[in-house]
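The structure appears right after this line, and notes come after that.
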Number of protein chains: 2
Amino acid sequence: MSTESSLWQRSRQAAYAEITVVAMRLFLEHGFEQTTIDQIASTAGISRRSFFRYFGTKEDIVLGDLASQGVLVRDALEAVPLSVGPWEALREALGAVDALEGEPGATLAIARMMYETPSLRARSIEKHLHWQALLVPNMRMRLGLAPDDVTDPAPAALVASAIACLDAAGELWTRSGGAGDLAALYDRAVASVRTAS
Amino acid sequence: MSTESSLWQRSRQAAYAEITVVAMRLFLEHGFEQTTIDQIASTAGISRRSFFRYFGTKEDIVLGDLASQGVLVRDALEAVPLSVGPWEALREALGAVDALEGEPGATLAIARMMYETPSLRARSIEKHLHWQALLVPNMRMRLGLAPDDVTDPAPAALVASAIACLDAAGELWTRSGGAGDLAALYDRAVASVRTAS
DNA sequence: GCCTGACTGGCACTGAGTGTCAAGCAGGCA
DNA sequence: TGCCTGCTTGACACTCAGTGCCAGTCAGGC
């Protein structure tokens, strides 16, 4: 069964990749909102209906990976010893996703598109909320709270603030044209949040 | 001219209120996504086309005019003396929007709908991003940076973190069924962010 | 009485997203 | 070899959000 599954999986994976490549090219060429799903489908050589069997929405093409990255971040956070403080642990966890960026040029183009397109921006923050939900349980433990204690906003606030810092750093990095180090910007953002009076 | 303007303004304001009341009743009765704009329009006694002359999207009925609320928060922040520290000033500014909440029962129902409906959640995030953009300039000044210095992520990080704390507090308040004080939850959230190691 | 400006409704259109159904294309089995 | 089964695909029709356009209408000003 695992071989059969792999076969299906592989062709499906190839289709995903094909559609993504085609769509990204169209997005970067004509803009995200200006590109219709009909264009993507016909360019990729599939029907409109089949497109929706691969991606639920147009935004998912760009942000699809973010959902799976959430699990990655959570695993990274859980790998950090509980003795490490919250901010340090979060830095470690969020660093895991930063490490797997591809070529800077493509990353910058996608990031720019994301910050300039309202629907994409909103969607990406929804994904960040998903990360938040995944990270909160560990953070709760890390703060010494009971696993079923849902009356303290601290864990969610910490995780959300860290992600907000990452977002602020990312936006600055994007607007500066990819100059500078994202990790350094993040550290500076966190430092300002923690030390401001 | 001011009288004419008032006349128009008044009837327009009345129409806004009428549509909002009708729509909210339908939303709370059948759910946000289950309610179509056709239903709202016909119940309010106007055409579908006219509805869109009052509200750009269905979400706008619930979240109100983003722009005006953003300006409110910005004005509140700018009213706080520069000598007051960032966190204290942000608390003051965000308190302005908290103050204009109506009866708790309705607020809770709306908040619950907002956290449960993806499109509404996305829109509220966009709203918060808009707030952020409006608050950053003042925060930049407050941190002693030059007005045209866009290389420091600190102002955006601080504003975004404060809003993230408000969001975390709001979600907890909603999930607890409106028990507890939102301001107290916010203070606790901010305290945890500032004092965590 | 006319003219202008704003609101309104109706119509048609695009585009996203969904449900349904028949056709095609594997692999499994006798 | 031929049939059966399960999954994918394309095609069609549909709902719903949102926009552009045009004509009717109703106010106040000249």
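The analysis underlying the following values was restricted to heavy atoms, covering all of them including side chains, and did not include hydrogens, waters or symmetry mates. Order of the sequence lines fixes the chain letters, A, B, ..., with proteins taken first and strands second; residue numbering starts at 1 for each chain.
Under a cutoff of 6.0 Å and an axis angle of 45°, B:R12 and B:Y54 form a cation-pi pair.
Here C:dT8 presents its P atom at 10 Å from OH of B:Y16, a figure rounded to the nearest Å. Here C:dA16 presents its P atom at 11 Å from CD of A:E33, a figure rounded to the nearest Å. Between the P atom of C:dG15 and the NZ atom of A:K58 lies a distance of 9 Å, rounded to the nearest Å. Distance CZ (B:F52) to C1' (C:dG9): 14 Å, rounded to an integer number of Å. Atom CD1 of A:I37 and atom C1' of C:dT14 are 13 Å apart (whole Å). In this structure, the CG atom of A:D60 is 14 Å from the P atom of C:dA16, given to the nearest Å. The distance between atom CZ of A:F32 and atom P of C:dG15, rounded to the nearest whole Å, is 14 Å. For the pair A:Q39 CD and C:dA16 P, the interatomic distance rounds to 9 Å; values are reported in whole Å.
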Please tabulate the protein-to-nucleotide N/O contacts below 3.5 Å involving nucleotides 9-12 of chain D, giving atom names and distances.
{"residue": "D:dT9", "atom": "OP1", "partner": "A:Y54", "partner atom": "OH", "Å": "3.0"}
{"residue": "D:dT9", "atom": "OP2", "partner": "A:Y54", "partner atom": "OH", "Å": "3.4"}
{"residue": "D:dG10", "atom": "OP2", "partner": "A:S47", "partner atom": "N", "Å": "3.2"}
{"residue": "D:dG10", "atom": "OP2", "partner": "A:S47", "partner atom": "OG", "Å": "3.1"}
{"residue": "D:dG10", "atom": "OP2", "partner": "A:S50", "partner atom": "OG", "Å": "2.3"}
{"residue": "D:dG10", "atom": "N7", "partner": "A:R53", "partner atom": "NH1", "Å": "3.2"}
{"residue": "D:dG10", "atom": "O6", "partner": "A:R53", "partner atom": "NH2", "Å": "2.7"}

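Side-chain N/O atoms of B:E33 and B:T117 include no donor and acceptor closer than 3.5 Å.
Under a 3.5 Å cut-off, the side chain of A:W173 and the backbone N or O of A:G178 do form a donor-acceptor pair. Remark: the backbone N or O of A:F32 is paired with a side-chain donor or acceptor of A:K58 at under 3.5 angstrom.
Residues satisfying the salt bridge (charged side-chain N to carboxylate O under 4.0 Å, His left out) criterion with A:R121, sequence neighbours excluded, are A:D167, A:E171.
For residues 144-155 of chain B, the set of pairs meeting the salt bridge (Lys or Arg N to Asp or Glu O under 4.0 Å) definition, not counting sequence neighbours, comprises A:R188-B:D152.
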